[in-house]
Structure formats: structure tokens, C-alpha cells
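Chain letters run A, B, ... following the sequence lines, proteins first, then strands; residues in each count from 1.
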Amino acid sequence: MSAIEVKGISKWYGKQKQIAVNSLTFEVKKGEVFGLIGPDGAGKTSLFRILTTLLLPDSGNARVDGLDVVKDFREIRNRIGYMPGRFSLYQDLTVEENLNFFATIFGTSIEENYNLIREIYIQLEPFKERRAGKLSGGMKQKLALCCALIHKPTVLFLDEPTTGVDPVSRKEFWEMLGRLKDQGITIMVSTPYMDEAAKCDRIALIQKGDILAIDTPENIINSFPEKLYRVQTEDTGRMLKILSEYSSGLYAYASGEYVHIAFNDNLISPQEITIVLREHISSEVSPEEIRPNIEDCFIHLLRA
Amino acid sequence: MKQFMAFVKKEFVHVLRDRKTLLILIGMPIMQILLFGFAMSNEIKETKVVIVDQAIDNSSAKLVARIDASEYFDAEIRDLTITDFNIEAAFKKGDLKILLIIPPSFESHILHEGSAQLRIIADASDPNTASLLTTYLTSIIQDFQKDNLSIQTIPYNIEPEVRMIYNPQLLSAHNFVPGVMALVLMLVCVMMTAITIVREKELGTMEVLLVSPYKPALVMISKAVPYLALSWINLITIVLLGVFVMGLPFNGSILLLFVESTLFILTCLTIGIFISNITSSQQVAMLISLMGMMLPTVLLSGFVFPLENMPKLLQWISNVIPARWYYVIVKDIMIKGTGFMDILKETLALLTITAFFFIMSIKKFKQRLA
């Protein structure tokens with residue numbers, strides 16, 4: 001039995017029936033870390049809310065831990081842990097009070113499941129008298145994770161848990177998710193950060209309510225069909241303009257301090273591109289071939 | 001039960017840690033009572049009245065003395081011609097509310113013609129005060145007439161003997177203390193309860209509470225408990241201030257007042273919960289509470305404007321305003337000292353309103369986000 005089974009789930013809003021989630025079907029296996037990767041407005045939060053029984057789907061059905069999200073919503077609420085995207089805890093309660101409160105509401109106590117949260121809570125313990133509103137962003141997310149975990153859920157839903165958190169804390173946060181997975185908890189996590197995708201067992205790339213691809217990060221990268229080169233430049237705008245005027249057989253986009261150029265090497269050769277760039281930009285540019293990352297795959301899928 | 005206690009404890013922490021709001025909630029009734037009691041009193045006391053005495057004779061002197069002696073007026077005499085005293089300018093300056101002109105030969109007119117005229121000019125930009133002042137002044141003049149001229153031939157005389165019961169001194173405290181009680185309890189219960197529940201929605205904590213085994217209906221109830229406690233504190237403060245500072249009598253049963261007040265508090269809490277169910281932002285919740293509840297409470301409960309003088313339609317509408325009934329209950333218990341049977345109708349009205357909003361809240365209640 002899968003931890004999460006989604007069959008043809010759709011959700012639309014308003015009179016215009018604006019599609020938020022478009023007939024999605026997928027499964028999440030037990031003990032898996034499943035990533036939902038997509039930009040803001042892709043439908044991630046709507047999907048989360050349907051699976052956590054907070055929204056009714058307009059069509060299709062879904063099961064979490066074998067229970068129907070519409071019919072058995074009460075039982076599901078006993079079993080899952082959920083950390084919403086804008087979850088900010090109770091700012092005027094201390095760390096310990098927040099944790100105690102959520103433990104009691106879920107019918108348990110900190111002591112009972114302490115081993116589950118110990119590694120996270122140890123970092124928070126020095127600040128346990130501090131009010132949640134006075135914690136740093138990373139600390140807040142750790143506390144929120146503790147609160148979502150305290151009742152030992154079978155499935156954990158984390159909606160953009162690392163948005164607005166510094167890179168070091170983000171890294172720590174993902175290490176914690178790895179340890180939770182070792183405890184057998186199924187985790188469904190969404191993120192707009194492509195670099196975090198590689199840390200999931202399987203990912204779904206999602207855009208405007210549709211799944212563009214769903215596989216292991218490795219397979220998704222391997223299925224990238226084109227050649228990918230990158231060039232370092234100081235004038236990204238100019239380079240992108242030149243490349244777009246040069247040929248329709250390639251596409252280029254900025255990625256950090258580089259410009260990524262993807263093309264079909266049956267139509268265009270890397271040498272041609274080098275020549276064009278040296279002629280128009282500078283004799284020193286030298287494109288190098290790279291292995292695509294998830295972001296490159298995402299951009300490729302968006303164009304397809 | 002353990003969960004419920006933990007939730008209520010959390011709510012108390014919210015209320016107690018928000019010092020500023022707490023101070024306002026506790027301080028508001030005290031301030032309102034003092035404000036209504038001392039600043040916004042509509043009793044007339046030692047009001048300045050300018051008397052232009054053009055007669056300067058025996059009768060006019062007697063009349064002036066009589067006006068000055070009354071506790072309502074403080075006479076200031078300007079004699080001679082009007083020309084050196086600009087009436088309009090004095091009124092425009094604002095410190096003069098009423099003016100009395102005694103024309104020349106006042107006494108000789110009375111004695112020889114059997115009738116004399118006086119002119120009263122009042123500043124009616126505040127119509128209530130103006131009519132009160134003229135009434136008082138006219139009655140003094142009538143007394144004067146009766147005393148001085150009873151020797152003259154008046155065929156018969158009807159003398160009404162007026163007795164004001166329950167509030168013989170016509171103290172305005174009898175009116176506003178019950179009004180302030182209704183107002184404060186309404187404010188604390190309706191607005192604060194609505195805001196505190198909607199705040200959880202805004203913070204995103206409501207989502208987590210929904211996705212928990214804790215029953216969402218219990219969330220509402222637990223959040224209302226601290227405001228019930230706060231309302232009791234306010235109730236006690238107002239009653240104590242009313243009795244010991246404002247000199248209000250307490251003729252009825254304290255227990256009955258407490259029970260009826262608790263019923264009113266529950267009515268307000270249900271309305272607050274209902275508002276929180278139909279709104280999703282704190283601003284909207286506050287606006288609905290203020291416009292939808294506070295305004296009708298002030299205008300239509302009979303505490304500022306007498307209901308009897310209103311158009312039939314407004315009188316009808318006032319029936320669904322809980323404060324209108326509570327206001328009568330408090331007045332009856334505290335001032336008249338009536339028992340439960342006499343306020344049965346009002347109690348039933350409150351119960352009906354509570355039941356209505358309770359059922360509506362349950363109907364509007366969402367187990368999910370949308």
C-alpha cells in the first residue's frame with residue numbers, strides 16, 4: 001500500500017474556474033521523501049490542502065495512509081503531521097509552551113515522543129524560555145517541524161518549509177528530514193528551490209497545476225535530451241540577446257553568474273556558438289559543457 | 001478535557017501577555033463610567049444666565065433674586081440698554097446659553113394691565129440643553145407668578161403634585177451605568193472574540209488546528225473562555241463604580257443580575273463566534289463588530305435615545321439588538337429591584353437571540369478551509 005495515492009485530483013477556484021490543480025495522478029511510497037518542485041502559484045499549496053483534508057477536491061479522489069481524504073478526514077487528521085507554508089506558530093508563546101500546546105492538542109506529551117524530536121529540539125533547548133516571535137527564521141522552522149512531529153505522524157506534509165530561511169539552516173533542515181525518513185516517516189515536501197530537489201527520493205515538477213515530470217532526480221536529469229553549455233559573462237542581457245537572434249535551434253537563460261545554453265547538437269555544433277560569442281562579446285569567452293541540474297530540466301520541460 | 005484545559009490556558013496566556021490590549025479592556029469601563037458620569041452629564045447645574053433688567057423695579061428684582069437662588073442658574077445682571085451689550089456676540093462666543101430680558105415698566109404692567117411680557121433667548125444649537133434650560137427658567141417664572149399674584153383673582157387652581165419614583169433626583173447615572181455595562185460587555189465579547197479567532201486564521205495556525213484531532217467547534221469555545229472571565233471582571237468593576245462612585249442604588253438580587261449578565265455575555269460571545277465564522281481577516285471582523293453591533297447598541301438600545309420616540313421601523317429593528325433587552329434587565333434589577341418573573345420577557349428575548357446565532361454559527365461552521 002502506498003502512503004499517498006492521488007487519482008485524477010482537480011481543484012479550481014472562483015467563477016472563472018481557474019485551475020489550481022489539474023487532474024493529477026501519482027503515488028508516494030511508504031518511507032519516501034517526495035518533493036513537489038515548482039514556482040509560486042504552481043498549485044503546490046492547493047494540493048497540500050486537499051491531501052491534508054483542508055480543501056475538498058473538485059474531482060478525483062485521494063488516499064493518505066489508505067484513508068480517503070474526503071470520507072475519512074477525521075481519522076486522517078489523527079495520523080498526519082502538517083506544516084503550512086505561512087505557519088508562524090504562536091509568537092507570544094515561548095518555545096516550550098508552543099511545543100507543549102501542540103503535544104497536548106494531539107493527545108500526547110513531549111516526553112512520550114521525545115526521541116523523535118530530540119536531535120532538533122536539542123538545538124532549541126537553550127532558547128526554550130524565549131518567545132517564538134523572537135526566534136530567527138531557521139529556528140522558527142525547526143520549532144514548527146518539532147510541533148508537526150510531536151505526535152509521531154505516519155505521513156508528514158511540509159509546505160515550503162525552507163522558504164525565507166538562510167542557506168545553512170536550509171541544509172540542516174534537509175539533514176533532519178533525512179533522519180526522519182530513517183525512522184520510517186513518509187515525507188511530502190514542497191519547495192521553490194531547485195537545488196533542494198536533489199535531496200528527495202522522487203520529485204514531481206509541477207507548473208500551473210500540471211505535473212511536467214515525475215521521477216527520481218537522477219532519472220529526470222538523465223532524460224535531459226539536449227547538450228548544455230554554460231558561459232561566464234558580465235553582460236548577461238547582451239549575451240542573451242545575441243544568442244536569441246543567432247538561431248532558433250537553441251535557447252539560453254541566465255543562471256546565477258552564468259548563461260546556460262541548451263541546444264540539439266545535431267543541428268548546431270558547440271564550435272559555432274563559441275565563434276559567434278567570441279566575435280560579438282569578447283575573444284575570451286569559452287563555453288564549457290555541463291551536466292544539467294533540476295532547474296535546467298524544469299526550464300526544458302516548460303518549453304516542451 | 002486535558003486538551004480543552006491546555007487550549008484555555010494558551011488563550012489566557014495570549015490575553016495576559018498582550019498588555020496594551022488588556023489595559024484597554026480593563027481600563028475602558030472605568031474610563032467610560034467616569035466620562036459619562038462627570039463630563040457628559042446632561043444634568044443642569046449653575047448654568048450662567050444673563051438677565052438684562054430694563055425695568056429695575058421691585059418685581060424684577062424679586063424675579064432676578066429667585067432665578068439666582070435656584071441651583072440651576074447663576075444669574076449675571078446686565079442693566080440699562082441693550083446697546084452696550086451685544087447679544088449675538090455673546091452667544092457666538094459660546095459661553096452664554098440662555099438670556100432673559102425684562103422690559104421696562106415690568107411691575108407697572110403687571111399691576112395695571114394684568115399682564116407683562118418677558119423675553120427668553122436660548123442657544124438652540126444644542127437643542128436638548130436649550131429646551132431643558134427654557135423649561136427650568138419658565139417654571140421658575142411660573143412659580144414667581146403664582147407666589148406674587150395669588151392675591152389676584154384666579155378662579156381656580158390645578159396643582160399637580162409630581163413624584164419621581166425610582167430616581168427621585170433624576171440622576172443621569174441611572175441611565176448611563178446600565179448603558180455602559182451593555183456597551184462594554186458587547187465590545188469585549190463580540191469584537192475581541194471575533195478578532196481572536198480570525199487572528200488564528202490569519203496566522204495560519206488555524207490550518208494546523210484543523211489538521212489535528214482537536215474538534216474545531218471546541219477551538220471556538222476555548223477561545224471564548226478568557227473573554228467570559230474578562231467580562232465578569234468588567235461587570236464587577238462597573239457595578240462597584242456605579243454603586244459607590246455614582247451613587248446608584250442596588251435594590252434587586254445580586255445573583256439575578258449576575259445570571260442575567262452571564263446570559264448577555266453568552267449572547268455576545270455567540271455573536272462574536274458567528275462573525276469570526278463568516279470573516280477571514282481581522283479588519284473585516286472588527287468592522288463588522290463595530291458597524292454591525294456597536295453602532296446599533298449605542299443608537300437603538302434606548303440608552304442614548306429613548307426608543308419610544310423612534311419611528312416604528314426602528315423600534316422593530318431594536319428588538320433584535322441584545323443590548324436593548326439587557327439594558328432594561330439591568331435597570332429593572334438594580335434600580336427597581338424587580339424579580340425574575342418581571343424580566344421574563346427580556347430574558348426570553350436574549351435566549352432567542354443567543355439560540356439564533358448559535359444555530360447560525362453551527363451552520364456556517366467550516367470543518368475545512370473553504
Check residues 120-137 of chain A and write down every donor-acceptor pair under 3.5 Å in which the side-chain atom is one partner and the other belongs to a residue at least two apart or another chain.
{"unit_1": "A:Gln123", "atom_1": "OE1", "unit_2": "A:Lys142", "atom_2": "NZ", "d": "3.1"}
{"unit_1": "A:Glu125", "atom_1": "OE1", "unit_2": "A:Tyr114", "atom_2": "OH", "d": "3.4"}
{"unit_1": "A:Ser136", "atom_1": "OG", "unit_2": "A:Met139", "atom_2": "N", "d": "3.4"}

Check: Rounded to the nearest 0.5 Å, what separation is found between the CD atom of B:Glu207 and the OH atom of A:Tyr82?
Finding: 4.0 Å
Note to self: Looking at chain A, which one of B:Arg17, B:Gln3, B:Lys215 has the largest number of heavy-atom pairs inside 4.5 Å, strictly under?
What the structure shows: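 The option with the most such pairs is B:Arg17.
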Checklist line | chain A interface, residue from B:Lys9, B:Glu200, B:Arg199 that has the most non-hydrogen pairs under 4.5 Å | finding: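 With the most close heavy-atom pairs to chain A, the winner is B:Glu200.
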A quick test of your reading: do over 12 heavy atoms of other residues, nucleotides or ligands sit less than 6.0 Å from [atom1] of [X]?
X: A:Arg179; atom1: CZ; result: yes
X: A:Lys181; atom1: NZ; result: yes
X: A:Tyr193; atom1: OH; result: yes

Next item on the list: Would you indicate whether the side-chain heavy atoms of B:Val208 and A:Met83 approach each other to under 4.5 Å?
Entry: no
Margin query: For A:Phe106, which atoms come within 4.5 Å of any heavy atom of chain B: side chain, backbone, both, or neither?
Written below: both
Notebook entry, point to check: Should A:Phe102 and B:Lys10 be marked as a side chain to side chain contact (heavy atoms under 4.5 Å, CB included) after you check the CA-CA gap, both sets of side-chain angles, and the distance that decides it?
Noted result: CA-CA 10 Å; A:Phe102 283 104; B:Lys10 182 206 86 154; over 6 Å; no
Next item on the list: Show your working on side chain to side chain contact (heavy atoms under 4.5 Å, CB included) between B:Asp18 and A:Asp92 and close with a plain yes or no.
Entry: CA-CA 8 Å; B:Asp18 190 355; A:Asp92 50 346; 5.8 Å; no
What closest approach, in Å, do [X] and [Y] show between heavy atoms, and which atom pair accounts for it?
X: A:Asn78; Y: B:Pro213; result: OD1-CB, 2.8 Å
X: B:Thr205; Y: A:Leu89; result: CG2-O, 3.8 Å
X: B:Gly204; Y: A:Pro84; result: O-CG, 3.9 Å

